[in-house]
Amino acid sequence: MKIRKAVFPAAGLGTRFLPVTKAIPKEMLPLVDTPLIQYCVEEAIASGIEDVIIITGRGKTAIEDHFDTSKELEVLLEEKGKTDLLKMVRDISNLVRFSYTRQKEALGLGHAILCAKDLVGEEPFAVFLGDDIIDSKVPAMKQMTEVYKKYRHSVLAVQRVPRENISSYGVIKGTAAGNHLFEVTDLVEKPRPEDAPSDLAVIGRYILTPDVFEYLENTRPGKNGEIQLTDALKAMAGRHPIYALEFEGDRYDAGDKLGFLKATVSLALKRDDLRDEFVEFLKGLKL
Ligand code: G1P
């Protein structure tokens, strides 16, 4: 079955990015001029997704407004003859079909995904964590859907991470199953470096079979008292095969200040309208 639906957990409070996230959803922070969540929605569309399900919370209405039509703005741009901007604004609201549901309490990533159970139904689906921005020739999720097509089981995105940073991630233990591909035998959420089963960290892209909901329903609060997706996947791994793909691409943790800066600079350098002057500016910095 084709992966048609994607779940975007977006109810988090963004505490790593205070004070800006006090009144602005972190998903709306811009890399150059485009909100983080739009990069991920564009990756989803380029990977064949038709339905985007956003799990929101209090104070997140800017996300809904962003993907909605904006008549006032469109009329203004039309009157001023700014056709390029008008097209851009219209294209954003026509990207794909959106639905929204709320996670009333911040009970963790696993709980957020469970909130999408009815909207997803009985079909495999993608999950995008908006902090992870992946710049790649072939969209990361597309690379994963290719694996799904072949095996018809859940697929996690993984990347090798230095030991000293491993405790920020879910970490897999796996056996080699092909080119950059592993079959997952165990998972641990945010282990201490000495306890990590490997250096393969889970990055925020998942393809999950609907069995995951049953495991999520039976998952008790884990690390930080939250219902962890990693714990549900660990329970599932014994019964349903789970694959992990070391995808090709540059990944930025845009939910972290330094990662956000790196992503901003790298993406700005790829923009024809900014590159030359920006390079001149960077060269002139006394580092
Ligand atoms: C979440 C997951 C973790 C995963 C990470 C990827 O953690 O719980 O397993 O490795 O995303 O970015 P968070 O970064 O939300 O703390």
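Counting starts at 1 for both ligands and their atoms, following the listed order.
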Has ligand 1 got any nitrogen or oxygen that is less than 3.5 angstrom from a nitrogen or oxygen of Lys190?
yes

Taking Thr56 for the side chain and Ala11 for the main chain, is one N or O donor matched with an acceptor at less than 3.5 Å?
no

I need the atoms of ligand 1 closer than 4.0 Å to a non-hydrogen atom of Tyr169, numbered in the order shown.
10 (O)

I need the nearest protein heavy-atom contact for atom 8 (O) of ligand 1: residue, atom name and distance, please.
Glu189 OE2, 2.7 Å

Determine whether a donor-acceptor pair (N or O, by modelled atom type, separation under 3.5 Å) exists between the side chain of Ser136 and the backbone of Val138.
yes

Can you confirm, on distance only, whether ligand 1 has an N/O atom lying under 3.5 Å from any N/O atom belonging to Ile203?
no

Shortest protein heavy-atom distance from atom 10 (O) of ligand 1, along with the residue and atom involved
Val202 O, 2.6 Å

Can you tell me which residue among Phe128, Phe247, Tyr252 is in a side chain to side chain contact (heavy atoms under 4.5 Å, CB included) with Ile134?
Phe247

For atom 1 (C) of ligand 1, which protein heavy atom lies nearest, and how many Å away is it?
Leu129 CD1, 3.9 Å

Can you confirm whether more than 12 heavy atoms, excluding those of Lys173, are under 6.0 Å from its NZ atom?
no

Note: ligand 1 atoms sitting under 4.0 Å from heavy atoms of Thr230 are 9 (O)

What atoms in ligand 1 come closer than 4.0 Å to a heavy atom of Gly170?
3 (C), 4 (C), 9 (O), 10 (O)

In sequence, state the C-alpha distance, the side-chain angles, and the governing distance for Arg4 and Glu123, and then conclude on salt bridge (charged side-chain N to carboxylate O under 4.0 Å, His left out).
CA-CA 9 Å; Arg4 301 185 304 141; Glu123 57 181 285; 2.6 Å; yes

Walk me through whether His111 and Glu226 qualify under side chain to side chain donor-acceptor pair (under 3.5 Å).
CA-CA 8 Å; His111 177 260; Glu226 296 179 344; over 6 Å; no

Kindly identify the option in Asp132, Val158, Asp131 whose heavy atom sits closest to atom 12 (O) of ligand 1.
Asp132

List the steps, then state whether salt bridge (charged side-chain N to carboxylate O under 4.0 Å, His left out) holds for Asp253 with Lys262.
CA-CA 9 Å; Asp253 178 6; Lys262 289 179 185 171; over 6 Å; no

